[in-house]
Visitor: 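I have a structure here, written as structure tokens, and I will follow up with some questions on it.
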Amino acid sequence: MTRIPSCSPIWLTSLSYCYFNPTSFSYVKQQSLPLPLHDFIKTRRLYNAFFCQTSRQFHADPTVQSLVSAVNFCSSTPLCRKIHAQVIKSLNYRDGFIGDRLVSIYAKFGCLDDAQILFDEMPNKDLVSWNSLISGFSRRGDLGKCLSSLCRMRSDMGMAPNEVTLISTISACTNTGAVDEGNYIHGLAVKMGLLSETKVVNALINMYGKFGYLDLASQLFKAVLVPNVVSWNSVLAIQIQNGFPEDGIEVFKLMSRAGLKPDQATVVTLLQGCADLGVGKLADAIHAYIFTCGLESDIPISTALLRFYAKSGRLHASYEIFREMKNPDRIAWTAMLAGYAVHGYGRGAIEFFDLMVKKGVEPDHVTFTHLLSACSHSGLVKEGRKYFEIMSSVYKVEPRLDHYSCMVDLLGRAGLLKDAHVLIESMPMEPNSGIWGALLNACRIYGDIELGNEVAERLFALNPSDSRNYIMLSNIYSAAGQWSDASKVRLLMKERGFVSNPGCSFIEHRSKIHRFVVGDQTHPDSDKIHKKLDELIEKIHKAGYVPRTEFVLHNVDEEVKQYLINKHSEKLAIAFGLLVTDSGRPIVITKNLRICGDCHGMAKFVSLTEKRSIIIRDSKRFHHFADGLCSCGDYW
DNA sequence: TGCCTCCAAT
């Protein structure tokens with residue numbers, strides 16, 4: 001074994017700095033430290049010697065305890081480096097233990113190379129060391145390294161993975177959408193008899209749920225002998241995230257009946273379901289529960305609550321929650337910003353963003369998506385361009401597809417079709433269907449048939465099975481009065497076997513959800529509703545309201561068109577008490593003001609499939625429709 | 001006394 005030479009502490013600190021960051025070698029040189037490259041290589045061996053030597057001295061040294069506690073509270077890379085340097089200096093190192101923790105911290109903060117180097121240098125790697133490394137790769141979404149480490153561990157070292165190894169690997173499969181690899185790990189879990197571990201099954205339930213294999217997930221859940229809160233939370237989240245919030249709420253009821261106490265994750269997930277469904281009463285109950293349990297200072301819970309109120313049109317309530325937060329994090333700030341954006345407060349969103357930066361909260365790519373979408377929906381072209389520019393130059397957030405999509409939408413809605421097209425051509429990555437779709441929508445608004453045609457061609461090539469593109473192109477032709485071309489597109493759709501689903505509206509009334517489809521008379525109170533509708537339609541027509549119909553339907557009588565439009569969502573909303581008048585004129589405020597007062601636009605926005613939102617204002621307050629549902633619970 | 005499953009902003 002190499003003898004450990006006597007070294008000054010400063011030399012060792014620099015050594016560890018240099019060790020972790022070879023590019024900063026010049027820094028060490030500047031300090032006039034005797035450390036040329038070959039010495040640096042030598043120090044690697046030296047370092048190994050430290051590990052071996054110190055493992056023997058571990059119990060003898062009194063500073064070990066402080067190092068252990070230091071490493072346990074280690075929360076950042078610089079701190080981790082300091083402790084690591086200290087570990088080397090004090091010669092107190094038991095392989096494993098502190099090393100494992102350091103590996104996982106380096107990995108946690110994205111220094112995967114450092115983690116790997118440190119791991120490789122560790123002389124005696126036990127199962128926990130391997131798990132630390134694998135979990136690090138998993139957290140950073142590096143499935144390849146996760147799997148290769150798992151293989152190395154099994155074949156090179158002859159070590160069997162335990163439940164922790166599998167949980168980390170399953171999690172990596174989930175986050176990268178790797179179905180085959182996930183199946184392989186599932187098989188491995190069966191082979192190793194690890195399906196009796198609830199945590200492993202929970203990870204698998206979550207994985208299959210995220211992949212959309214709900215049957216498999218529920219089979220696994222049923223097979224768990226004693227499901228814990230996480231098992232229940234997983235099933236709850238699966239239902240809600242796959243678009244079945246009602247089933248999710250049923251799961252919650254079963255969970256309560258099974259005697260399990262909801263935890264933070266339960267509450268957050270339920271609130272997400274409430275926001276998707278717009279069920280105000282359940283959310284109110286949850287809000288009360290939050291207070292009873294003293295959870296109101298919990299940031300994720302407050303954020304979920306904030307989002308619920310914002311989605312329900314109660315932006316003030318949402319802001320109150322935000323204001324009450326002690327230390328809102330980036331996610332909370334972004335959620336609030338999204339609230340402003342979705343309600344069409346472009347200027348408000350900008351001001352809020354500036355405040356966020358001023359408070360020292362760093363925006364990320366999601367923040368910019370909302371900010372740009374706020375600019376887009378308020379027609380703030382100049383501002384949108386500015387933020388798109390500085391997001392990479394100042395905030396070092398490289399624009400992604402979503403940001404380009406927002407910008408194309410912004411320029412397109414402002415009528416700058418050419419600029420939008422140029423921007424798409426300049427993108428460093430392949431534009432997706434969302435981006436071409438935004439441009440196609442702009443072509444529809446401005447009636448640009450030529451460009452619309454070109455864009456539609458691209459969309460058909462990119463996503464031939466998406467019926468929305470065909471409908472949009474057909475609408476462009478309809479709006480221009482080119483009925484035969486519009487018919488051709490519709491025919492093409494038919495040939496390719498697409499059925500265009502009619503938009504569906506639904507409204508919560510006294511804790512019950514009522515669904516309506518155009519021309520639908522199946523509601524038990526249909527007669528009453530329609531009578532009321534006729535009354536109100538007459539009223540608003542008298543007030544001077546004329547719906548736009550030109551691209552709704554063609555080769556249909558004007559009267560029939562009016563009928564179909566009138567019977568749909570906007571009038572339905574009015575029938576339920578949202579008399580949309582302001583000094584005698586109906587007002588419709590949408591996040592895109594250009595569609596304001598457009599009956600078809602509104603019906604479309606309220607439709608379930610569109611997943612967009614609108615806001616209607618009556619004399620007292622705003623009513624917000626999100627995901628096809630009016631969820632302003634207190635006006636009935 | 002180190003590694004791990006569910007939950008918050010598109």
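When reading the values below, keep in mind they use all heavy atoms of this one structure, side chains included, and skip hydrogens, waters and symmetry mates. Every chain is numbered from 1 and lettered A, B, ... according to where its sequence line falls, protein lines coming before strand lines.
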Visitor: Residues in salt bridge (Lys or Arg N to Asp or Glu O under 4.0 Å) with Arg140(A), at least two apart?
Guide: none
Visitor: So, is Arg307(A) close to the dA9(B) phosphate, meaning a side-chain N or O under 4.0 Å from OP1 or OP2?
Guide: yes
Visitor: Give one of base, sugar-phosphate or nothing for His370(A), where a contact means two heavy atoms less than 4.0 Å apart.
Guide: sugar-phosphate
Visitor: Ring centres of Tyr404(A) and Phe388(A) under 6.0 Å apart?
Guide: yes
Visitor: Thr266(A): what forms a side chain to side chain donor-acceptor pair (under 3.5 Å) with it, not counting sequence neighbours?
Guide: Asn233(A), Asp263(A)
Visitor: Roughly, in whole Å, what's the span from CG in Leu271(A) to P in dA9(B)?
Guide: 11 Å
Visitor: Calculate the interatomic distance between Asn242(A) atom CG and dC7(B) atom P; express it in whole Å.
Guide: 12 Å
Visitor: Side chain of Asn206(A), heavy atoms from C-beta onward: which of dA9(B), dC6(B), dC3(B) has the nearest atom to it?
Guide: dC6(B)
Visitor: Among the candidates dT5(B), dC7(B), dA8(B), find the nucleotide nearest to the side-chain atoms of Ile299(A).
Guide: dA8(B)
Visitor: dC6(B), dA8(B), dC7(B): which one has an atom nearest the side-chain heavy atoms of Gln264(A)?
Guide: dC7(B)
Visitor: Are OP1 or OP2 of dA9(B) and a side-chain N or O of Gln272(A) less than 4.0 angstrom apart?
Guide: no
Visitor: Side chain of Lys199(A), heavy atoms from C-beta onward: which of dC6(B), dC4(B), dC3(B) has the nearest atom to it?
Guide: dC4(B)
Visitor: Quickly work out the Phe308(A) CZ to dA9(B) P distance and round it to whole Å.
Guide: 14 Å
Visitor: Of all of residues 160-168 of chain A, which get a heavy atom below 4.0 angstrom from DNA chain B, listed by number?
Guide: Val164(A), Ile167(A), Ser168(A)
Visitor: Of all the nucleotides listed (dA8(B), dT5(B), dA9(B)), which has the minimum atom distance to the side chain of Asp364(A)?
Guide: dA9(B)
Visitor: In whole angstroms, how far is the P atom of dC3(B) from the CG atom of Leu102(A)?
Guide: 12 Å
Visitor: Any side-chain donor-acceptor pair under 3.5 Å between Asn162(A) and Asn131(A)?
Guide: yes
Visitor: Taking salt bridge (Lys or Arg N to Asp or Glu O under 4.0 Å) as the definition, give me every residue that meets it alongside Glu383(A), ordered by chain and number, with sequence neighbours left out.
Guide: Arg347(A)
Visitor: Check side-chain contact (heavy atoms from CB on, under 4.5 Å) between Lys222(A) and all other residues, then give those that pass, not counting sequence neighbours.
Guide: Ser218(A)
Visitor: Is the phosphate of dA9(B) approached by Lys311(A) (side-chain N or O, under 4.0 Å from OP1 or OP2)?
Guide: no
Visitor: Return the value, rounded to whole Å, for the distance between atom CG of Leu194(A) and atom C1' of dC4(B).
Guide: 12 Å
Visitor: What is the separation between atom CZ on Phe353(A) and atom C1' on dA9(B), rounded to the nearest whole Å?
Guide: 14 Å
Visitor: Heavy atoms under 4.0 Å, any strand shown: does Thr269(A) hit a base, just sugar-phosphate, or nothing?
Guide: sugar-phosphate
Visitor: How would you label the contact of Arg400(A) with the nucleic acid (heavy atoms, under 4.0 Å): base, sugar-phosphate, or nothing?
Guide: nothing
Visitor: Across the strands shown, which category fits Glu197(A) at heavy-atom distances under 4.0 angstrom: base, sugar-phosphate, nothing?
Guide: nothing
Visitor: Could you check how far CD of Glu296(A) sits from P of dA8(B), rounded to whole Å?
Guide: 21 Å
Visitor: From the set dC7(B), dA9(B), dC4(B), return the single nucleotide nearest to any side-chain atom of Ile331(A).
Guide: dA9(B)
Visitor: With respect to the phosphate group of dC4(B), does any side-chain polar atom (N or O) of Arg139(A) fall under 4.0 Å of OP1 or OP2?
Guide: yes
Visitor: Remember a base hit wins even if backbone is also touched, and classify Ala335(A) as base, sugar-phosphate or nothing at under 4.0 Å, heavy atoms.
Guide: sugar-phosphate
Visitor: Under the side chain to side chain donor-acceptor pair (under 3.5 Å) test, which residues partner Gln264(A), sequence neighbours left out?
Guide: Asp298(A)
Visitor: Between His287(A) and Tyr309(A), does the ring centroid distance fall short of 6.0 Å?
Guide: yes
Visitor: Could you tell me how far apart Leu270(A) (CG) and dC6(B) (P) are, to the nearest whole angstrom?
Guide: 17 Å
